[in-house]
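Below is one structure, written out as structure tokens, with a few remarks after it.
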Amino acid sequence: MNVVITGSTRGIGLSMAMEFLKAGCRVTVSGRREESLEPVRKTLSAFSGKVLFVPCDVRRESEVDMLWEKSAAHWGNVDIWINNAGINCSREFIYDMSSEGVDNVIDTNLKGMIYGSQTAARKMIRQGSGQIWNMEGLGSNNMIHPKTILYGTTKHALTYFTEGLARELKGTPVKAGRLSPGMMFTDFHLTGSGGSPSDFAKNPGAMKVLKILGDRPETVAQFLVPRMLENRKNNAHIVWLTRRKSMVRFLTSMVKKRKL
């Protein structure tokens, strides 16, 4: 299997890349800037020959297309394309957010995902097979958190878009689906602007919930990757943190602490 993952230089993207490589796949790792790829080359050095590094700013359609072209030329085809690239909004009320901040979040999380889906769908139909996966997040389940509503808006739209894409792909050899990773110990929750602790990390109540429901990205990737490789269904939805699992964790947290 040949896999392309946008936004895969850290967090869940990098963890998924590692799991695909362990499963014997060949992976294109991508980040917005060339310099973001350098540390990952060392991390994945044991998989030399099975990893291609391609910088790609998903906000630019031409670069997304180039990511496909370079990957397909190198591997021969692309079997799985994962739109994982995304950024959080600055934690402030939407009416205080700059137009530049709004554009950056929408262009990355929404337009970047759409460009990736368009590119992969067109070229997978042409090659006769393939799967497109889009990464859900806070907002996909209609949950609203003040000071993150722009991010949540993009993820809510992503869910609608992916379900619609799957319907439009019905009858073609291409499948589209969603990945729901739950809460993770990543920069999204823990780091604010300039590398300082985020408002979330400074909030004892929020951190208590994260310690109950959160997981390391590698744990989530170990769950998601095998199911993507086994999937044969269009409009599939792979969910790590189910409602039942959340309930069990809250109940058991009263008697024992999780080791993370």
Side-chain angles (χ1 to χ4, degrees), residues 4-17 28-40 53-64 67 81-119 133-141 143-162 178-202 206 210 214 217 220-221 224:
V4 177
I5 310 173
T6 68
S8 47
T9 59
R10 60 181 181 173
I12 185 62
L14 178 57
S15 294
M16 288 191 298
T28 299
V29 171
S30 181
R32 183 176 290 188
R33 293 176 294 275
E34 178 69 46
E35 54 267 29
S36 69
L37 298 173
E38 288 308 312
V40 190
F53 298 93
V54 180
C56 174
D57 186 342
V58 298
R59 297 174 300 177
R60 296 181 171 88
E61 186 178 11
S62 61
E63 292 194 25
V64 175
L67 176 60
W81 177 286
I82 304 173
N83 289 307
N84 174 67
I87 60 171
N88 196 3
C89 57
S90 56
R91 293 182 183 271
E92 58 186 329
F93 294 119
I94 190 63
Y95 45 80
D96 290 328
M97 195 174 297
S98 69
S99 59
E100 181 182 3
V102 170
D103 289 346
N104 198 22
V105 173
I106 290 177
D107 288 351
T108 303
N109 297 5
L110 196 51
K111 289 171 68 176
M113 178 273 301
I114 292 173
Y115 292 152
S117 298
Q118 288 178 311
T119 296
W133 294 93
N134 292 329
M135 185 67 71
E136 292 188 318
L138 176 66
S140 292
N141 60 355
M143 191 174 291
I144 296 174
H145 286 276
K147 297 188 177 182
T148 60
I149 65 170
L150 181 61
Y151 176 88
T153 297
T154 63
K155 291 301 182 179
H156 188 79
L158 177 147
T159 297
Y160 176 92
F161 176 89
T162 308
R178 294 170 287 142
L179 304 172
S180 182
M183 298 181 73
M184 293 176 289
F185 288 90
T186 64
D187 290 345
F188 176 86
H189 287 110
L190 302 177
T191 307
S193 59
S196 60
S198 66
D199 291 343
F200 186 98
K202 296 175 184 175
L210 181 61
V220 180
L224 297 178

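We number each residue from 1, following the sequence as shown. Remember, predicted model here, so these are calculated numbers, not experimental data.
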Exercise. Does a side-chain heavy-atom distance below 4.5 Å link Trp81 with Leu67?
Worked result: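 Sidechains of Leu67 and Trp81: in contact.
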
Exercise. Heavy-atom distance under 4.5 Å between the side chains of Arg91 and Thr148, does that happen here?
Worked result: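 SC-SC contact between Arg91 and Thr148 confirmed.
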
For this session: Using the side chain to side chain contact (heavy atoms under 4.5 Å, CB included) rule, take Ser15 and Val220 through it: C-alpha gap first, then chi angles, then the decisive distance, then the call.
Result: CA-CA 8 Å; Ser15 294; Val220 180; over 6 Å; no

Rounded distance (nearest 0.5 Å) linking atom [atom1] of [X] with atom [atom2] of [Y]:
| X | Y | atom1 | atom2 | value |
| --- | --- | --- | --- | --- |
| Met97 | Leu150 | CE | CG | 5.0 Å |
| Leu37 | Ser30 | CG | OG | 6.5 Å |
| Met113 | Lys155 | CE | NZ | 8.0 Å |
| Ile114 | Thr162 | CD1 | OG1 | 9.5 Å |
| Arg59 | Thr108 | CZ | OG1 | 5.0 Å |
| Tyr151 | Ile94 | OH | CD1 | 14.5 Å |

Exercise. With a 3.5 Å cut-off and no angle check, do the side chains of Asn84 and Ser8 form a donor-acceptor pair?
Worked result: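 Absent: no donor and acceptor within the cut-off.
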
Problem set entry | side chain to side chain contact (heavy atoms under 4.5 Å, CB included) partners of Ile144, counting only residues at least two apart |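 In terms of side chain to side chain contact (heavy atoms under 4.5 Å, CB included), with neighbours along the sequence ignored, Ile144 is linked to Ile149.
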
For this session: Just jot down the side chain to side chain contact (heavy atoms under 4.5 Å, CB included) partners of Glu136, sequence neighbours excluded, or say none.
Result: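 With neighbours one apart ignored, the set is Ser140, Leu158, Thr159, Arg178, Ser180, His237.
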
Exercise. With Tyr160, which residues qualify under ring pair (Phe, Tyr, Trp, His ring centres under 6.0 Å), at least two apart?
Worked result: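 With sequence neighbours excluded, Tyr160 shows a ring pair (Phe, Tyr, Trp, His ring centres under 6.0 Å) to no residue whatsoever.
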
Problem set entry | salt bridge (charged side-chain N to carboxylate O under 4.0 Å, His left out) contacts touching residues 101-116 (sequence neighbours left out) |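 For residues 101-116, and leaving out neighbouring residues, the salt bridge (charged side-chain N to carboxylate O under 4.0 Å, His left out) pairs sorted by first residue read Asp107-Lys111.
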
Exercise. Should Val58 and Glu63 be marked as a side chain to side chain contact (heavy atoms under 4.5 Å, CB included) after you check the CA-CA gap, both sets of side-chain angles, and the distance that decides it?
Worked result: CA-CA 7 Å; Val58 298; Glu63 292 194 25; over 6 Å; no

Problem set entry | Test salt bridge (charged side-chain N to carboxylate O under 4.0 Å, His left out) applied to Glu61 - qualifying residues, sequence neighbours left out |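 Expected list: none.
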
Problem set entry | Glu100: partners by salt bridge (charged side-chain N to carboxylate O under 4.0 Å, His left out), with sequence neighbours left out |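 In terms of salt bridge (charged side-chain N to carboxylate O under 4.0 Å, His left out), with neighbours along the sequence ignored, Glu100 is linked to no residue.
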
Problem set entry | Atom of Val29, atom of Ala17 and distance for their closest heavy-atom approach |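 Result for this residue pair: CG2-CB, 4.1 Å.
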
For this session: May I ask you to decide if Ile87's main-chain N or O and Asn109's side chain share a donor-acceptor pair within less than 3.5 Å?
Result: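 Such a contact is found between Asn109 side chain and Ile87 backbone.
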
For this session: Could you tell me whether the side chain of Thr154 and the main chain of Leu110 form a donor-acceptor pair under 3.5 Å?
Result: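 No, Thr154 side chain to Leu110 backbone: no donor-acceptor pair under 3.5 Å.
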
